[in-house]
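Input: a single structure, listed below in structure tokens.
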Amino acid sequence: GYSNLRLLSDLEPEYVKLDKYFISRIDTDPVAEHFVRTIIALARRVRCRIIAEGIETPSQLQHVHRLGVDYAQGFLLDPPSPEPTPNIPSVLMEACPVSRQPEAPAQTPLSVAHDELVASLDIHPTPVCAPLTAAAEALALFQADPLLRAVPVLDGSRAVGLLTREGIFGAFALAYGHSLHKRSHVERMMHPEPLAAQVTDMLSDVSRRATARPHELIYAPIIIFDGEHYLGTAFIHDLLEKITEVQVNYALDANPLTGLPGNRSIDREVSRRLRGVDDFFLCHLDIDNFKAFNDHRGYERGDEMILLVSELLKRAQTGSDYVGHIGGDDFVFITTDPGWELRLQQLLDEFTMDSLQLYDEADRLTGFIRVESRSGQLKDVPLASLSVGALPCSAGRFSSHLEASAAVFEVKCLAKKQPGNCIAIDRRMD
């Protein structure tokens with residue numbers, strides 16, 4: 001609540017522990033995950049570490065690790081004991097790396113839109129200095145431009161520091177400052193850990209790095225590169241405004257039940273991939289006999305079945321895969337992976353097993369549910385299954401997302417004509 005947030009600001013504690021209430025839902029509830037992200041960002045600003053309590057599943061451990069939580073505790077790792085555990089539990093090794101080693105710059109995921117990348121920011125052509133530039137020369141840059149807040153310090157194509165207006169003016173304002181520093185070099189006055197980013201970096205990743213900086217650098221600009229080519233700097237407030245805009249647009253379009261991207265995002269993603277050069281498969285998934293199940297067992301169980309498909313798709317998602325929720329019991333899965341069919345077949349098998357838990361014992365034994373038709377007659381409806389229509393999309397095959405959507409819908413309808421789980425693939429291009 002408000003009082004706890006105020007304490008976080010006033011006390012600046014060394015540790016903040018996240019309650020099990022949020023951790024228990026972090027891998028299933030987008031709202032809980034967003035709350036945890038917010039608390040992490042606040043804690044970083046006062047330089048305290050995060051402890052997540054109540055870790056009971058590998059999925060929860062993976063989520064808190066991915067979000068940058070420092071420490072975790074819970075029955076998954078080890079139940080309470082008077083003696084310390086001598087060895088690292090094997091489940092920790094399987095769920096995620098024990099320590100986060102520096103990673104090589106990741107390639108931009110194919111499914112990331114341009115407005116989620118650093119390239120969407122306003123980049124200003126800011127002058128630069130070298131580490132051995134004379135401090136007096138750098139001072140002249142700031143004196144010539146009253147709006148200049150910071151100057152990147154580059155060693156060739158590498159950002160090695162950031163010279164701030166406050167830093168250099170403060171040094172020269174000291175008694176005998178000009179005498180002391182007029183022959184000094186910039187490297188003696190710069191902050192040695194600047195925030196540099198590539199145009200292909202995601203805004204969310206850069207934002208996390210920005211808010212983790214020391215307090216005096218929290219609003220310092222970002223140094224932007226395109227490969228090894230320096231482009232300029234971007235302001236933090238522009239970054240925050242862009243992230244807010246992206247999040248608002250995503251929230252407006254996201255499905256309220258699953259949190260997955262909705263129709264507008266799906267249309268943009270299909271259109272963007274059609275303009276690209278890479279071949280991909282566009283898959284439309286539909287739950288068979290869902291309406292009968294929803295009417296017979298109620299909307300709550302119906303929602304659970306939709307969430308089940310959503311979670312299975314998220315777990316199957318790798319690399320540049322894209323998952324969207326058209327609405328109701330219809331989903332979209334986009335992939336460039338040649339082994340996609342095997343992965344989806346595994347998803348269908350898991351759905352068959354997991355969805356049984358949503359039925360009563362009598363339904364599982366008979367293999368059907370008995371419902372009343374509109375004419376008042378009783379009929380036996382098979383248990384739910386999944387139908388998948390898969391459409392190979394190569395360069396130039398479709399002129400628009402509307403054309404591709406209509407084609408994959410047609411293939412999905414063919415799959416639904418088969419009993420049980422089915423994957424139908426459009427072979428007309430073979």
Student check: side-chain heavy atoms of P194 and V160 closer than 4.5 Å: no
Criterion side-chain contact (heavy atoms from CB on, under 4.5 Å) on N289 and L383, from CA distance to verdict: CA-CA 7 Å; N289 307 315; L383 303 186; over 6 Å; no
Derivation and outcome, salt bridge (charged side-chain N to carboxylate O under 4.0 Å, His left out), residues E269 and R273: CA-CA 6 Å; E269 179 66 17; R273 296 203 183 217; 2.6 Å; yes
Under 3.5 Å donor-acceptor, R364 side chain and Y359 backbone: yes
Backbone of T318 reached by a side-chain donor or acceptor of D321 within 3.5 Å: yes
Lys/Arg-Asp/Glu bridge criterion (N-O < 4.0 Å) met for K20, E56: yes
Criterion side-chain contact (heavy atoms from CB on, under 4.5 Å) against L347, the qualifying member of L312, L342, V309: L312
L344 CG to F333 CZ distance, which is reported to the nearest 0.5 Å: 5.0 Å
H63 side chain reached by Q60 side chain, heavy atoms, under 4.5 Å: no
T164 side chain to G167 backbone, donor-acceptor under 3.5 Å: yes
Evaluation steps, side-chain contact (heavy atoms from CB on, under 4.5 Å), between H325 and V332: CA-CA 6 Å; H325 189 173; V332 160; over 6 Å; no
D360 (side chain) donor-acceptor with A362 (main chain) under 3.5 angstrom: no
Test item: side-chain donor near acceptor, D286 and S387, under 3.5 Å: no
Point-to-point distance, once rounded to the nearest 0.5 Å, from CD of E403 to SG of C393: 10.0 Å
Evaluation steps, side-chain contact (heavy atoms from CB on, under 4.5 Å), between L154 and F225: CA-CA 11 Å; L154 305 186; F225 287 88; 3.8 Å; yes
Main-chain N/O of L358 paired to R301 side chain as donor or acceptor, under 3.5 Å: yes
T352 and N421 side chains, donor-acceptor separation under 3.5 Å: yes
Verdict with supporting geometry, D238 and K242, salt bridge (charged side-chain N to carboxylate O under 4.0 Å, His left out): CA-CA 6 Å; D238 288 341; K242 179 64 72 170; over 6 Å; no
Any donor-acceptor N/O pair, S207 side chain to L203 backbone, under 3.5 Å: no
Residues T233, T126; criterion side chain to side chain donor-acceptor pair (under 3.5 Å); working and verdict: CA-CA 6 Å; T233 60; T126 308; 2.6 Å; yes
Any I224 side-chain heavy atom under 4.5 Å of V199 side chain: yes
Flag, side chain of R213 to backbone of A210, donor-acceptor distance under 3.5 Å: yes
Donor-acceptor contact below 3.5 Å, side chain Q198 vs main chain G227: yes
Inter-residue atom distance F351.CZ - L313.CG, 0.5 Å rounding: 10.5 Å
Minimum-distance pair of heavy atoms, taken over all atoms of N255 and G327: ND2-CA, 4.4 Å
Ionic contact status for R158 with D155, cut-off 4.0 Å: yes
Sub-4.5 Å side-chain heavy-atom contact between E53 and L18: no
Side chains of H124 and F235 in contact at under 4.5 Å (non-hydrogen atoms): yes
Stepwise side-chain contact (heavy atoms from CB on, under 4.5 Å) check, I55 with Q73: CA-CA 6 Å; I55 302 293; Q73 68 179 73; over 6 Å; no
Criterion ring-ring contact (aromatic ring centres under 6.0 Å, His included) on Y219 and H237, from CA distance to verdict: CA-CA 8 Å; Y219 294 112; H237 67 79; 9.3 Å; no
From R370 atom CZ to D363 atom CG, the distance as rounded to the nearest 0.5 Å: 10.5 Å
Salt bridge present between D426 and R397 (N-O < 4.0 angstrom): yes
Side chain to side chain donor-acceptor pair (under 3.5 Å) assessment of R268 paired with S265: CA-CA 5 Å; R268 286 195 300 268; S265 296; 3.2 Å; yes
D329 side chain vs F290 backbone, donor-acceptor pair below 3.5 Å: no
Side-chain (D70) to main-chain (I50) donor-acceptor, under 3.5 angstrom: yes
Nearest-0.5 Å distance, CD1 of residue I334 to CG of residue L391: 10.5 Å
K416 side, atom NZ; H284 side, atom NE2 - distance, nearest 0.5 Å: 8.5 Å
